[in-house]
4 protein chains.
Amino acid sequence: MTRQREKDKLPIIIEAAKVIFACYGFHDSHIAKIAKQAGIAEGTIYLYVRSKEELMIRLFEHQVGSFIAALQEQLRSIDDARAQIRCIIQQHLAKLEEDPELARVFQFELRQPNLTIREGIAPILRQYFQIIEHTIRLGQQQGHFDPTLSAVLVRKLIFGGINEVATSWVFSQKDYSLRSQGEPLLRMILKGITT
Amino acid sequence: MTRQREKDKLPIIIEAAKVIFACYGFHDSHIAKIAKQAGIAEGTIYLYVRSKEELMIRLFEHQVGSFIAALQEQLRSIDDARAQIRCIIQQHLAKLEEDPELARVFQFELRQPNLTIREGIAPILRQYFQIIEHTIRLGQQQGHFDPTLSAVLVRKLIFGGINEVATSWVFSQKDYSLRSQGEPLLRMILKGITT
Amino acid sequence: MTRQREKDKLPIIIEAAKVIFACYGFHDSHIAKIAKQAGIAEGTIYLYVRSKEELMIRLFEHQVGSFIAALQEQLRSIDDARAQIRCIIQQHLAKLEEDPELARVFQFELRQPNLTIREGIAPILRQYFQIIEHTIRLGQQQGHFDPTLSAVLVRKLIFGGINEVATSWVFSQKDYSLRSQGEPLLRMILKGITT
Amino acid sequence: MTRQREKDKLPIIIEAAKVIFACYGFHDSHIAKIAKQAGIAEGTIYLYVRSKEELMIRLFEHQVGSFIAALQEQLRSIDDARAQIRCIIQQHLAKLEEDPELARVFQFELRQPNLTIREGIAPILRQYFQIIEHTIRLGQQQGHFDPTLSAVLVRKLIFGGINEVATSWVFSQKDYSLRSQGEPLLRMILKGITT
DNA sequence: CATGAATGAGCATTCATTCAT
DNA sequence: GATGAATGAATGCTCATTCAT
């Protein structure tokens, strides 16, 4: 019984939550279903998480957190801001296409009326936004992007565009590649913000 | 308590639903609250609407429907597709800024996990999408927009961009004008899709 | 506008109630359905009847009342108590077979847990019971029936028997004649109570 | 408030349901009342039973089921069909007199307009009917009962008679013994069906 | 007399969370 | 730590009845 074992059910729970949230949405995802999916008792979930809301937040933290870490790792080896933008769009779409359940949860619950969830998710999302905005400012410094543009607004266009493309795909028959939308999307955006 | 005989309380109910949905989100908007807001009895709502879900759908139909009608009217007098895009973005943002409660509902519930609502809303949204796509194709015919671009993808960028800008504003302190974001957003988009 | 017209919707209402009660049972027979069946407004029913319960009672009074009146008329011309018993059983079964909707209501609601209905129905039923018991006592005086038998108990056997036969028929496919059960039933009963 | 861990509260729930159903009838027996009577929470009932209807059916199964089992045990040691009929009538009346609450429920709900309940109860009732009919056919084989009589019809007379006697008692002041009605009832019936 | 829109108390059922084991 | 039976507050919807017209 190593100490690490104590907490090793959390990933299982989060994974189960992802599957169930993706399938039913937050409100129709009952703790009983998630517990069953995880192969554990309902009460056990509450040893790792304070509430259903926190479970959703933890899921975001876990998934988006690791995505951001990997993304930053990749961006570090890219100098050109234009290439960085390409990387961001590609990785974002690839991640969702790879994990359609995550995609469903992300597109469904990104804009939660539920304040607790919204506020729990916000910091993670903000982190991602800052990465994008940072890249944009870098591009402006490099002289690639129009320096008069607001980095925040550009980020909104980029994130909004990716998001809409992803949402359409999630609700579609998925008979086309999500990734393949990245390049034409990128072209429009780059052209739109180039000096 | 006063028994009114107006015979059409639907607009009152929809207006009340908008206020309550905006404030609490769909799931925490109880029929009792909506009825109270409308100044009528709970049962009365069910004389006009089959269910809470239908109420949400009716709200969309009503609000987005009239927006679309007015928008189409305006577009008819505009020849240049670029000016049409400007009009769409401006009207969209203006509408939401004018009616912040509608804005909240729209940004909250646009992507519903609830299948009934999602499917009820879909046709109205699709109508709006087609207007945008139609304008894009017009611009391509007019030689203003890159004819190799997919009109659907361009629409996703435009709608996604508007949407993200609006969402940020809804969740913000609203200490800035939403409308004012239209012009710089438009500039990027037009530049991005120009031949 | 003759004075009699004032009350002429009651039979229509009662007839409609019979149809609906037969189809759905008392609790699932909504006033709205009955009103629709009667071709009148819901509120109109309350001009003739104080409550849904009273409607049920009125239905019993009306139907069983006229049945009893006709029965008594016939019994008056029959001297032999055995023939009277035959007449009662035959008429009872014939009435239900003639009017299957009445049969359903009668067999469903005869034993109501609802106190108001039960007490409203009781006097009518008691009247019928007394006719049967009177016939039995007559038969005992005529020397046909065992004088040591309790007339009340014999009535219970007769009414219970008829009732069970009728109930089975109501719940069956009705691919056999209810009336035809009268004669063999009668034979058993008469044999059972003969001196 | 005390959290019990008996793991099988079904008998407690059924017993409580019997009391409440007897007192108020099915429709006016609210789950809250039954839960209170059982000393448990409302939700707990639904851990054992799917719906209020099922609760009624389970009550029948439980009570009539055990009655039938005991009855069959007794009948096995009786050879003469006439004595078997006596046994059936006596046991039936004794059971209801012993447990007046069961008697009320039985007499109230035996003929349910509610289809779900009616169909749920039917198989159990049918089982009882077959026992009676089987005894009648035995008596016909033994030469005691008129072989030209339909066993089904005889059963209807017997069950109908018992039922009416029981119903009267249930609705009466109960100032007389129900059991005591068995012997005179039996005498009439036996006489009525004897060869 | 007739109407039918409006009322609002009423209720079965659900489900996140707890806690004795 | 793990369990899952028990809890009970919470809520959408129904429908008998009323009453302004």
Side-chain angles (χ1 to χ4, degrees), chain A residues 1 5-9 27-36 39-55, chain B residues 1-9 27-36 38-55, chain C residues 1 5-9 27-36 39-55, chain D residues 1-9 27-36 38-55:
Chain A
M1 297 296 163
R5 284 268 181 98
E6 283 176 11
K7 285 283 175 185
D8 63 3
K9 283 206 173 81
H27 270 96
D28 294 323
S29 292
H30 309 159
I31 291 292
K33 280 183 194 163
I34 296 171
K36 199 172 183 183
I40 59 172
E42 295 171 49
T44 307
I45 290 177
Y46 288 87
L47 297 175
Y48 294 91
V49 129
R50 218 175 294 277
S51 68
K52 209 175 117 179
E53 274 86 6
E54 199 192 311
L55 189 49
Chain B
M1 299 299 149
T2 50
R3 220 164 263 234
Q4 299 166 46
R5 297 284 150 177
E6 296 164 37
K7 228 184 167 184
D8 195 15
K9 296 202 161 65
H27 269 95
D28 295 321
S29 291
H30 310 290
I31 289 293
K33 281 183 195 162
I34 296 172
K36 200 171 183 181
I40 59 173
E42 294 175 44
T44 306
I45 290 177
Y46 290 89
L47 294 176
Y48 294 91
V49 129
R50 222 175 291 278
S51 66
K52 213 176 108 178
E53 273 86 6
E54 199 191 309
L55 189 49
Chain C
M1 298 295 165
R5 285 267 181 98
E6 283 175 12
K7 285 282 176 186
D8 65 1
K9 283 209 172 79
H27 269 95
D28 294 323
S29 291
H30 309 160
I31 290 292
K33 279 183 195 164
I34 296 171
K36 200 172 184 182
I40 59 173
E42 296 171 50
T44 307
I45 290 177
Y46 288 87
L47 297 174
Y48 294 90
V49 128
R50 218 175 295 277
S51 67
K52 208 175 117 181
E53 274 85 6
E54 199 193 310
L55 190 49
Chain D
M1 301 299 150
T2 50
R3 220 165 265 231
Q4 300 166 45
R5 296 284 150 177
E6 296 164 36
K7 228 183 168 186
D8 195 14
K9 295 203 162 65
H27 269 95
D28 295 322
S29 290
H30 310 291
I31 289 294
K33 281 182 193 163
I34 296 171
K36 200 171 186 182
I40 59 173
E42 295 175 45
T44 306
I45 290 177
Y46 290 89
L47 294 176
Y48 293 91
V49 128
R50 220 174 292 278
S51 66
K52 213 175 107 179
E53 274 86 7
E54 199 191 310
L55 189 49

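Order of the sequence lines sets the chain letters (A, B, ...), proteins ahead of strands, with each chain counted from 1.
Nearest nucleotide to the Leu47(B) side chain, out of dT11(F), dA6(F), dT7(E): dT7(E).
Between Lys9(A) and dA2(F) there is a side-chain N or O to OP1 or OP2 distance below 4.0 Å. Of the side-chain N and O atoms in His30(B), none sit less than 4.0 angstrom from OP1 or OP2 of dA10(F).
Atom CG of residue Asp8(D) and atom CG of residue Leu47(D) lie 11.5 Å apart, to the nearest 0.5 angstrom. Between atom CD1 of residue Ile40(A) and atom CD1 of residue Ile34(A) there is a gap of 9.5 Å, rounded to the nearest 0.5 Å.
The two residues Lys52(B) and Ile31(B) come nearest to each other via the heavy atoms CG-CD1, 3.7 Å. The minimum heavy-atom distance between His27(B) and His30(B), with the atom names listed, is O-CE1, 4.2 Å.
Take the nearest nucleotide of DNA chain E for His27(D) and for Gly43(A): the residue whose nucleotide is more 5' is His27(D). Checking Thr44(A) against Tyr46(C), the closest nucleotide of DNA chain F that is more toward the 5' end is the one next to Thr44(A). Heavy-atom nearest nucleotides on DNA chain E were determined for Glu42(B) and for Glu53(D), and the one closer to the 5' end corresponds to Glu42(B).
Nucleotide dT14(F) holds its P atom 11 Å from the CD1 atom of Ile31(B), rounded to whole Å. Between Lys52(A) atom NZ and dT14(E) atom P there is a gap of 15 Å when expressed in whole angstrom units. One interatomic measurement links the two molecules: NZ of Lys36(B) to C1' of dT7(E), which rounds to 16 Å at whole-angstrom precision. For the pair Glu54(B) CD and dG12(F) P, the computed distance is 15 Å after rounding to whole Å. Rounded to an integer number of Å, the gap from CG of Asp28(B) to C1' of dT11(F) is 12 Å. Protein atom CZ of Arg50(B) is 15 Å distant from nucleotide atom C1' of dT14(F), rounded to whole Å. Rounding to whole angstrom units, CD1 of residue Ile40(B) and P of dT18(F) are separated by 21 Å. Rounded to an integer number of Å, the gap from Tyr48(D) OH to dA6(F) P is 3 Å.
Residue contacts for Ile45(B): at a heavy-atom cut-off of 4.0 Å it reaches no nucleic acid atom on any strand shown.
No side-chain donor-acceptor contact under 3.5 Å links Lys9(D) to the backbone of Tyr48(D).
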Its dot-bracket string being built from Watson-Crick and G-U pairs below 3.5 Å, with | for another strand and [ ] for crossing, DNA chain F has the pattern .||||||||||||||||||||

